[in-house]
Peer 1: 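Quick one: the structure is below, and I'll ask about it shortly.
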Amino acid sequence: MAKIDYTADEMMTIAAARLLRDRQVCFVGIGLPSAAANLARLTHAPNIVLIYESGTIGTRPDVLPLSIGDGILADTADTVVSVPEMFHYWLQSGRIDIGFLGAAQVDKYGNINTTVIGDYHQPSVRLPGAGGAPEIATSSRDILIIIRHTPRAFVEKVDFITSVGLLDATTDRRALGIPGNGPAAIITDLGILKPDPKTRELVLSSLHPEVTIDQVKKATGWPLGVVADLPMTEPPNADELRVLRDLNHRSSQSNQKAVA
Amino acid sequence: MAKIDYTADEMMTIAAARLLRDRQVCFVGIGLPSAAANLARLTHAPNIVLIYESGTIGTRPDVLPLSIGDGILADTADTVVSVPEMFHYWLQSGRIDIGFLGAAQVDKYGNINTTVIGDYHQPSVRLPGAGGAPEIATSSRDILIIIRHTPRAFVEKVDFITSVGLLDATTDRRALGIPGNGPAAIITDLGILKPDPKTRELVLSSLHPEVTIDQVKKATGWPLGVVADLPMTEPPNADELRVLRDLNHRSSQSNQKAVA
Amino acid sequence: MAELTSLKQAVSELIRDGDSLAMEGFTHLIPSAAGHEIVRQHKTDLTLIRMTPDLIYDQLIGMGCARKMVFSWGGNPGVGSLYRFRDAIENGWPRALEIEEHSHAGMANAYVAGASNLPFAVLRGYRGSGLPQVNPRIKFIDCPFTGEKLAAVAAIRPDVAVVHAQKADRRGNVLLWGIVGVQKEAVLAAKRSIVTVEEIVDDLGAPPNAVVLPSWVISAVCAVPGGAYPSYAHGYYGRDNNFYKAWEAISRTRDGFRAWMDRHVIGTGDFAEFRRSLIKA
Amino acid sequence: MAELTSLKQAVSELIRDGDSLAMEGFTHLIPSAAGHEIVRQHKTDLTLIRMTPDLIYDQLIGMGCARKMVFSWGGNPGVGSLYRFRDAIENGWPRALEIEEHSHAGMANAYVAGASNLPFAVLRGYRGSGLPQVNPRIKFIDCPFTGEKLAAVAAIRPDVAVVHAQKADRRGNVLLWGIVGVQKEAVLAAKRSIVTVEEIVDDLGAPPNAVVLPSWVISAVCAVPGGAYPSYAHGYYGRDNNFYKAWEAISRTRDGFRAWMDRHVIGTGDFAEFRRSLIKA
């Protein structure tokens, strides 16, 4: 079989898509999570229910939305509800299987920062803020996070916990009365991290092809643990790549269309 | 001018309708309040906004609905909202000028009972209960009550306060944190009662034509006060009667239509 | 995902003796056919939840199916009393009926809390009313910002919600419109749900922002054309106000009520047969 | 009753220096034309409230109109940073900007409380997040029934709400559809409100249960076709994603931003002229 070329971002998106199951109800962040969730829908999970916080439920966009509220999401949804209803009846109600998030910073307990770099009141970089993530992170049954692997992104301790992951070594989410399980996996362009069941620390649990453990450790801001018998991520197959590339091609064409 | 014949119920409905002003926002109970409010809309208050608790806002039924949720209310409304939205955004929000209620029992402070006759736990008569009235009575700026005048209906003290009026001689509504002013007038088939500004007790404030003060006192379950220089209610004019009778005629025709 | 099934099967599989049951419909879209089927299947010890219990709850109470009712207005809309309900409360016939009584605002909020997975809801309500004294599921709390006292109501989380709607598609997505009451909240607050519909279509053709219940929040969808009679289904048929008026006489006496139920409900196999038996009568 | 008026007049009469201002729109139906008019009229000391402040708030902040922002996500949707917002926070340019920061769930609840005339709302939220430590308008309370700890957010009650919608009728009733965000809540929570619309029609033709704002809850309705550009109006025109991408370069430097604003906003009389000046550029 001929070797198939693909990019690290493609591997990341495909690896993430594979973690979703058919008929799951998935609350989807914009950007990388949206790409992975729609790839899952267009491949092995045709009946996955995709929900975007803008109010669109059961949406089936044929191109990836640029924003969380693009018209295509409303046009192809089973229904569109108001934003308050979305957070009350659909997220908080506990109906979401998977909350699928991006992040600016993640720490070794899977806590997410999208608020500030530096001090909250004197930030060196002001990030966009929370959006829906704090409640997606606590109300969904499980959380997936997709993020490119750099030392700036993977830090020992986030500067600000915008959306809680697994807290720290001493406090359990349940003690805070949080219903969901929290991060099940962090999918990056280098591999997949999962929380160690005992320590809750994220450890390298799958390595993407042609990536070395050392490379992942260098891109991680804490001494990264590695699971025993580290598996290698299955490389993208031809079908996954074709569907993803078609989707990306359609999307970039559509987003470049000028508006009168 | 020839004398115009009319019934006591017609006088009551017409007297009540006259208390509504054009462009007011009126939250309307079914039955007598609905008849009076629609009469006002079809005569001197064409831009009155009528709201029914079933969710219909700005409705203009051409026949009187039998139930609070008849289709005609939805068909002729500016919009139809869910029942939770109705109570949150439209009633509780403080947008209602006039809450227009019926009642089974009213006492001398305008408190309303629609719950039980007798003891709550061992009632001699179980009435339908509260419906929207407890919050209509507190969230509307002013309350009008329309009810036929009988000793059973007008009691010294209601068996159960379903919806608060002016409480009693000692406690002010404001002390309970109630925003609205409470009952402004009780319109009956004999006259109009209004609260005395000092004692808060309902006193006879207008007497319908051909009714005697003694007749009203006999129909009232407490020693009824009478305002000085008691005015007589203006009798129905030909236009009011014609519009009301047309409305009642259309309504009874419509409600008798058989459904396949 | 909702299963498309018969009403008989849905009631048999999804409603259990002792369940708390919210059959909603604010005058419009009342699930009458489902109510009859529950009577036919002799479900018992039910807690009946509904803002505006009317004829179908009068029937369930009179047939002895209920041990408790949670409600905010229990009458025959536009007509008067519910005699079977009154007989249960006033005389304990055919069995005593426990009640939990709200205002509409309070009960709508309790459903919203249930649908939102909150243990309670806050409202500017019940002030001056006697209801909080007789219903322990109403309390007062202080606003943590202003100190203001506000009412709190405990969430309603029924075991089963039953509603009627205009349409479902073949995947089991449901569309309703017109006076939509608290049906969405009742379904979302419940553990299981049954939706009867006027028709099942290929495409819902739902307008933007319509009231749609996605298939994956519903347990069973059952086609029962006319299933809201004598209530109405906007766009399909009108309310039979005469039937509501006739119910006054039918339900006034125990014997008259039982004879009517035996003949038209127990004695018929389904709602279509019930309708035919009414026309013959 | 809403007055049908020009946007210039509505902004002049209804928005005052120092007002708290909620210009809502969740990616869709963003009131861009109204934002420009506020800049042109040099309104100042505003508290800008919005769940998803984007280009128009970046413009108002960069032009020095704002003293505070209340928000839950402040970015260029699908593109990245808002540089004028960042410059104000990180460097105090052109003036320091106070912030009050929420999550979407928290802020949506705060609007609902405002629209409902409640001082606060309850949600299952903010647990584990650092936001309650930096925002005193988030607290935790105990459920009076279960003892469970839940978040409470103080209500948002803006002085003025500004939204864009698809249609109004001649009486000033407004219809919007598609992604409707928190626009209804913002208008109902506010003391005054301005609605710009794509067109004014004889009959709204609203589908049942559509999102309609009755005339009597709105202060002014202004016809501004295209007034949501570069955002979109469902059924009228699409989102100009290229403009959002271009904003990255326009807004990155203070000088570049000010030059662009001078030329295209300050230097034009209204939104139609702005659109023509963009096409020429």
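Chain naming here is simple, since letters A, B, ... match the order of the sequence lines and numbering starts at 1 in each. Nothing here was measured: the structure is a model prediction, and the numbers come from that model.
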Peer 1: Count the heavy-atom pairs under 4.5 Å between each of D:P230, D:G80, D:G74, D:P77 and chain A, then report the option with the highest count.
Peer 2: D:G74
Peer 1: If you tally heavy-atom pairs under 4.5 Å against chain A, which of D:G75, D:P53, D:S103, D:A108 wins?
Peer 2: D:S103
Peer 1: Is A:K157 paired with A:D107 through a side-chain N to carboxylate O contact shorter than 4.0 Å?
Peer 2: no
Peer 1: Which class fits the ring pair D:W247 and D:F257: parallel under 30°, tilted 30 to 60°, perpendicular over 60°?
Peer 2: perpendicular
Peer 1: If the threshold is 4.0 Å, N to carboxylate O, is there a salt bridge linking D:E199 and D:K167?
Peer 2: no
Peer 1: Among D:V182, D:V134, D:N76, D:T52, which has the most heavy-atom pairs under 4.5 Å with chain A?
Peer 2: D:V134
Peer 1: Report which part of D:K245 has an atom under 4.5 Å of a heavy atom belonging to chain A: side chain, backbone, both, or neither.
Peer 2: side chain
Peer 1: How about residues 81-90 of chain D versus chain A: which residues have heavy atoms under 4.5 Å apart?
Peer 2: D:F85, D:R86, D:I89, D:E90
Peer 1: What part of A:P65 gets closer than 4.5 Å to chain D, counting heavy atoms only: side chain, backbone, both or neither?
Peer 2: neither
Peer 1: Give the ring-plane orientation class for D:Y236 versus D:W177, where under 30° counts as parallel, over 60° as perpendicular and anything between as tilted.
Peer 2: tilted
Peer 1: Less than 4.5 Å to any heavy atom of chain A: does that hold for the side chain of D:Y232, its backbone, both, or neither?
Peer 2: side chain
Peer 1: For the residue pair D:N241 / D:R239, report whether a side-chain donor-acceptor contact shorter than 3.5 Å exists.
Peer 2: yes
Peer 1: Between D:Y229 and D:F243, is the ring centroid distance below 6.0 Å?
Peer 2: yes
Peer 1: In the structure I gave you, are the side-chain heavy atoms of D:R50 and D:F71 within less than 4.5 Å of one another anywhere?
Peer 2: no
Peer 1: So what's closer than 4.5 Å to chain D heavy atoms on A:D75: side chain, backbone, both or neither?
Peer 2: both
Peer 1: Listed by chain and number, what are the side-chain contact (heavy atoms from CB on, under 4.5 Å) partners of A:T114, not counting sequence neighbours?
Peer 2: A:I112, A:T162
Peer 1: Nearest 0.5 Å, what's the CD-CD1 distance between A:E135 and A:I178?
Peer 2: 10.5 Å
Peer 1: Tell me, side chain or backbone of D:M51 under 4.5 Å from chain A's heavy atoms, or both, or neither?
Peer 2: side chain
Peer 1: So which residue, A:V81, A:D70, A:L73, ends up with the most heavy-atom pairs under 4.5 Å with chain D?
Peer 2: A:D70
Peer 1: Report the option among A:S139, A:P84, A:G131, A:P134 that has the most heavy-atom pairs separated by less than 4.5 Å from atoms of chain D.
Peer 2: A:G131
Peer 1: Between chain D and each of A:P179, A:A137, A:S163, A:G132, count heavy-atom pairs under 4.5 Å; write down the option with the most.
Peer 2: A:G132
Peer 1: Do A:M86 and A:I57 have side chains that approach each other closer than 4.5 Å (heavy atoms only, starting at C-beta)?
Peer 2: yes
Peer 1: In terms of heavy-atom pairs under 4.5 Å with chain A, which of D:V211, D:N109, D:V112 leads?
Peer 2: D:N109
Peer 1: Under the side-chain hydrogen bond (donor to acceptor under 3.5 Å, both in side chains) rule, collect the residues that match up with A:T150, sequence neighbours excluded.
Peer 2: none
Peer 1: Using a 4.5 angstrom heavy-atom cutoff, name the option from A:G165, A:S82, A:A77 with the most pairs to chain D.
Peer 2: A:S82
Peer 1: If you count heavy-atom pairs under 4.5 Å between each of A:G129, A:P128, A:A133 and chain D, which one has the most?
Peer 2: A:P128
Peer 1: Please flag which part of A:S54 lies under 4.5 Å from any non-hydrogen atom of chain D: side chain, backbone, both or neither.
Peer 2: both
Peer 1: One thing to verify: whether D:R67 and D:E98 come together as a salt bridge, which I'm taking to mean a side-chain N less than 4.0 angstrom from a carboxylate O.
Peer 2: yes
Peer 1: Checking heavy atoms, do the side chain of A:V116, its backbone, both or neither come under 4.5 Å from chain D?
Peer 2: neither
Peer 1: Between D:A105, D:S129, D:G125, D:S72, which has the largest tally of heavy atom pairs under 4.5 Å with chain A?
Peer 2: D:A105
Peer 1: Side chain, backbone, both or neither: which part of D:I99 has a heavy atom under 4.5 Å from chain A?
Peer 2: side chain
Peer 1: I'd like a table of donor-acceptor pairs (distance under 3.5 Å, sequence neighbours excluded) in which one partner is a side-chain atom from residues 30-40 of chain A, with atom names and distances.
Peer 2:
{"residue": "A:S34", "atom": "OG", "partner": "A:Y52", "partner atom": "OH", "Å": "2.9"}
{"residue": "A:N38", "atom": "OD1", "partner": "A:R41", "partner atom": "NE", "Å": "3.1"}
{"residue": "A:N38", "atom": "OD1", "partner": "A:R41", "partner atom": "NH2", "Å": "3.0"}
{"residue": "A:N38", "atom": "ND2", "partner": "A:S34", "partner atom": "O", "Å": "2.9"}
{"residue": "A:N38", "atom": "ND2", "partner": "A:Y52", "partner atom": "OH", "Å": "2.9"}

Peer 1: Between D:I179 and D:T27, is the side chain to side chain contact (heavy atoms under 4.5 Å, CB included) condition met? List the steps.
Peer 2: CA-CA 8 Å; D:I179 289 174; D:T27 315; 6.0 Å; no
Peer 1: Find the one option among A:A130, A:S124, A:G69 whose heavy-atom pairs under 4.5 Å with chain D are most numerous.
Peer 2: A:G69
Peer 1: Are A:T76 and A:T59 linked by a side-chain donor-acceptor pair shorter than 3.5 Å?
Peer 2: yes
